[in-house]
Asks: 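Supplied in structure tokens, the structure appears directly below.
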Amino acid sequence: MRGTVCLVTGATGGIGYETALGLARLGARVAIVGRDAGKLQACAERLRDAVPGAAVDPHRADLSAQAEIRRLAETLRTAYPRLDVLVNNAGAIFDRRTLTVDGIERTWALDHLGYVLLTLELLDTLKGAAAAGGKPRIVNVASAAHYRGHIDFDDIEGARRYRAMGAYAQAKLGNVLFTYALARRLRDSGITANAVHPGVVNTGFARNTGGLLGAAWALMRPFLITPEKGARTSLRAASAPDLDGVTGRYFSHGRPKVSSAESRDEAVQERLWALSLRQVGRSG
């Protein structure tokens, strides 16, 4: 992947870090995004130590805030005339319902709308890679939790009833629905878009979550797969030559898999696409 530029969000630990590391080892220039400036700089240094000579560019942004996503995208468009790979990986689960600075429930804002807005803001740089003869790819890190998800269009932000895992599963279903709708729109552009399930991975996920959910994850953590193993599907979707031109698919453990029935409903895909665009203040 020498000569390519890859962007990984949520790269300061876990699957995101291992994905960035794998891309750096393949020779790509890797731009990493994180919310905490100190962790972000430490991550960049760790990547450079692990891959001597690697080009690693840290970019700080809180991807639950739309103004920060737009600021980040402007910085990236200036820094990189072309973008070959976008890995939307940043996400979290929140045991209590809180609102972002935009007044949007935080799980939905970060885990779903963050993917939508950043991707749309960077489409021109992805098209730049295609125009230069590249084969740009968008990889949306979803989850098998989407099988338990349902898009509640009447209460999508959990104002009437909020459950942490329900909100997370809905957002991960949103990732898959968005991927399919996006892939249709990009079919003749040279850009591919796929969703991946990394497996149930021992990361910082849910580490600061209290109650029964936090306790359950603490008990499960020793039995989960490593971040390095979890990143393999993201890396495959981002770089495998045999996936050139493959788009609109859901991958689990490195292989294509049939996603949930709701995720494959084109009417739901289009309804969510329209709603997501309204929520991030875009048209089209």
Asks: Which atom pair, heavy atoms only, marks the closest approach of A142 to P198?
Replies: O-CD, 3.8 Å
Asks: Under 4.0 Å between a side-chain nitrogen and a carboxylate oxygen: does that hold for D84 and K135?
Replies: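 No, this pair does not count.
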Asks: Is a side-chain donor-acceptor pair under 3.5 Å present for S276 with H112?
Replies: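 Indeed, the side chains of H112 and S276 share at least one donor-acceptor pair under 3.5 Å.
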Asks: Minimum heavy-atom separation for S64 to D102, with atom names?
Replies: O-OD2, 3.8 Å
Asks: Report yes if the side chains of L120 and L122 come closer than 4.5 Å at any heavy-atom pair, otherwise no.
Replies: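 Contact flag for L120/L122 side chains = no.
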Asks: For a 4.5 angstrom cut-off between non-hydrogen side-chain atoms, does Q279 reach W108?
Replies: yes
Asks: Of all the heavy-atom pairs spanning A181 and Q269, show the shortest one and how long it is.
Replies: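 Of all heavy-atom pairs spanning A181 and Q269, the closest is N-OE1, 4.1 Å.
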Asks: Tell me whether R106 at atom CZ has more than 12 heavy atoms from other residues, nucleotides or ligands lying less than 6.0 Å away.
Replies: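 Counting other residues, nucleotides and ligands, CZ of R106 exceeds 12 neighbours.
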Asks: Does H59 reach the side chain of I32, with side-chain heavy atoms less than 4.5 Å apart?
Replies: no
Asks: What I want to check is whether the side chains of H150 and E262 have a donor and an acceptor closer together than 3.5 Å.
Replies: yes
Asks: Starting from the C-alpha separation in whole Å, work towards a yes-or-no answer on side-chain contact (heavy atoms from CB on, under 4.5 Å) for L72 and L63.
Replies: CA-CA 9 Å; L72 170 67; L63 298 180; 3.9 Å; yes
Asks: Mark yes or no: R96 above the aromatic ring of Y162, with NZ or CZ under 6.0 Å from the six-membered ring centre and no more than 45 degrees from the axis.
Replies: no
Asks: Testing R282, Q66, E74 one by one against E121 for a side-chain contact (heavy atoms from CB on, under 4.5 Å), which residue passes?
Replies: R282
Asks: Please determine whether a side-chain nitrogen of the Lys or Arg among R35 and D62 lies less than 4.0 Å from a carboxylate oxygen of the Asp or Glu.
Replies: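 No, no charged N to carboxylate O under 4.0 Å.
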Asks: In the single-linkage hydrophobic clustering (I, L, V, M, F, W, Y; side-chain heavy atoms under 4.5 Å), do V176 and Y115 co-cluster?
Replies: no
Asks: Strictly distance-based, threshold 3.5 Å: is any side-chain N or O of N194 a donor or acceptor partner for the main-chain N or O of R249?
Replies: yes
Asks: Among I69, V280, V33, L113, which residue satisfies the side-chain contact (heavy atoms from CB on, under 4.5 Å) criterion with L118?
Replies: I69
Asks: Apply side-chain contact (heavy atoms from CB on, under 4.5 Å) to the pair I156 and L272, showing each step before the final yes or no.
Replies: CA-CA 10 Å; I156 205 157; L272 182 63; 4.2 Å; yes
Asks: Are R271 and F153 in a cation-pi setup, meaning NZ or CZ lies under 6.0 angstrom from the ring centre and within 45 degrees of the ring axis?
Replies: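 Yes, a cation-pi geometry.
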Asks: About how many Å separate OG1 of T12 and CG of L47, when rounded to the nearest 0.5 Å?
Replies: 10.5 Å
Asks: So, taking the atom named CZ in F178 and the one named CG in L277, what distance separates them when rounded to the nearest 0.5 Å?
Replies: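 Those atoms lie 8.5 Å apart.
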Asks: Quick one: do V139 and L26 end up in the same hydrophobic cluster if we chain Ile, Leu, Val, Met, Phe, Trp and Tyr together by side-chain heavy atoms under 4.5 Å apart?
Replies: yes
Asks: Do the side chains of V246 and V87 join up, straight or via other hydrophobic residues, at under 4.5 Å, putting them in one cluster?
Replies: yes
Asks: Please check this pair: side chain of R97 against backbone of E157, looking for a donor-acceptor N/O pair closer than 3.5 Å.
Replies: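 Between the backbone of E157 and the side chain of R97 there is a qualifying donor-acceptor contact (under 3.5 Å).
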Asks: Within the side chain of R264, is there an N or O that forms a donor-acceptor pair under 3.5 Å with the backbone of S259?
Replies: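 Checked: pair present.
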Asks: For the residue pair Y180 and E266, establish whether any side-chain heavy-atom pair is separated by less than 4.5 Å.
Replies: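 Heavy-atom side-chain distance check fails, nothing below 4.5 Å.
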Asks: Is it the case that the side chain of S143 and the backbone of H146 share a donor-acceptor pair, with hydrogens and angles ignored and the cut-off at 3.5 Å?
Replies: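 No.
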Asks: Any side-chain heavy atom of T107 within less than 4.5 Å of one from D111?
Replies: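 Sidechains of D111 and T107: in contact.
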Asks: Could you go through the side-chain contact (heavy atoms from CB on, under 4.5 Å) check for E18 and L21 one step at a time?
Replies: CA-CA 5 Å; E18 293 295 339; L21 177 62; 3.7 Å; yes
Asks: With side chains defined as the heavy atoms from C-beta onward, is the minimum distance between L235 and L23 less than 4.5 Å?
Replies: yes
Asks: Going by atom types only, do N140 and N175 share a side-chain donor-acceptor pair under 3.5 Å?
Replies: no
Asks: Counting C-beta onward and ignoring hydrogens, is there a side-chain heavy-atom pair between V101 and E68 closer than 4.5 Å?
Replies: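 With C-beta onward as the side chain, the pair stays apart.
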Asks: Does the pair D57/R29 count as a salt bridge with the N-to-O cut at 4.0 Å?
Replies: yes
Asks: Between T119 and N88, is a side-chain hydrogen bond (donor to acceptor under 3.5 Å, both in side chains) present by the stated rule, with each step listed?
Replies: CA-CA 8 Å; T119 299; N88 286 307; 2.9 Å; yes
Asks: Are the side chain of D155 and the backbone of R160 linked by a donor-acceptor contact shorter than 3.5 Å?
Replies: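 Answer holds: yes.
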Asks: Could you walk me through whether L7 and V85 pass side-chain contact (heavy atoms from CB on, under 4.5 Å), step by step?
Replies: CA-CA 6 Å; L7 175 67; V85 175; over 6 Å; no
Asks: Closest heavy-atom contact between R236 and L243?
Replies: O-CD1, 3.5 Å
Asks: Taking all heavy atoms of I191 and all of I138, pick out the closest pair and write down the distance.
Replies: CG2-CD1, 3.9 Å
Asks: Search all heavy atoms of G34 against all heavy atoms of L40 and return the closest pair with its distance.
Replies: N-CD1, 3.5 Å
Asks: Q170 versus L173: any side-chain heavy-atom pair under 4.5 Å?
Replies: no
Asks: Look at the side chain of T247 and the backbone N and O of A193, then say whether any donor-acceptor pair between them is shorter than 3.5 Å.
Replies: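 Side chain of T247 to backbone of A193: a pair is present.
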Asks: When you measure from the centre of the six-membered ring of W273, is the NZ or CZ of R185 closer than 6.0 Å and no more than 45° off the axis?
Replies: yes
Asks: Please answer whether the main-chain N or O of A90 pairs with a side-chain N or O of T9 as donor and acceptor at a distance below 3.5 Å.
Replies: yes
Asks: Would you call the rings of Y250 and H197 parallel, tilted or perpendicular, taking 30° and 60° as the class edges?
Replies: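 If you compare the ring of Y250 with that of H197, the planes turn out parallel.
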Asks: Do any N or O atoms from the side chain of K229 and from the backbone of H253 form a donor-acceptor pair under 3.5 angstrom?
Replies: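 Not confirmed, K229 side chain does not pair with H253 backbone.
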Asks: As an exercise, state the distance from CG of L86 to SG of C6, rounded to the nearest 0.5 Å.
Replies: 10.0 Å
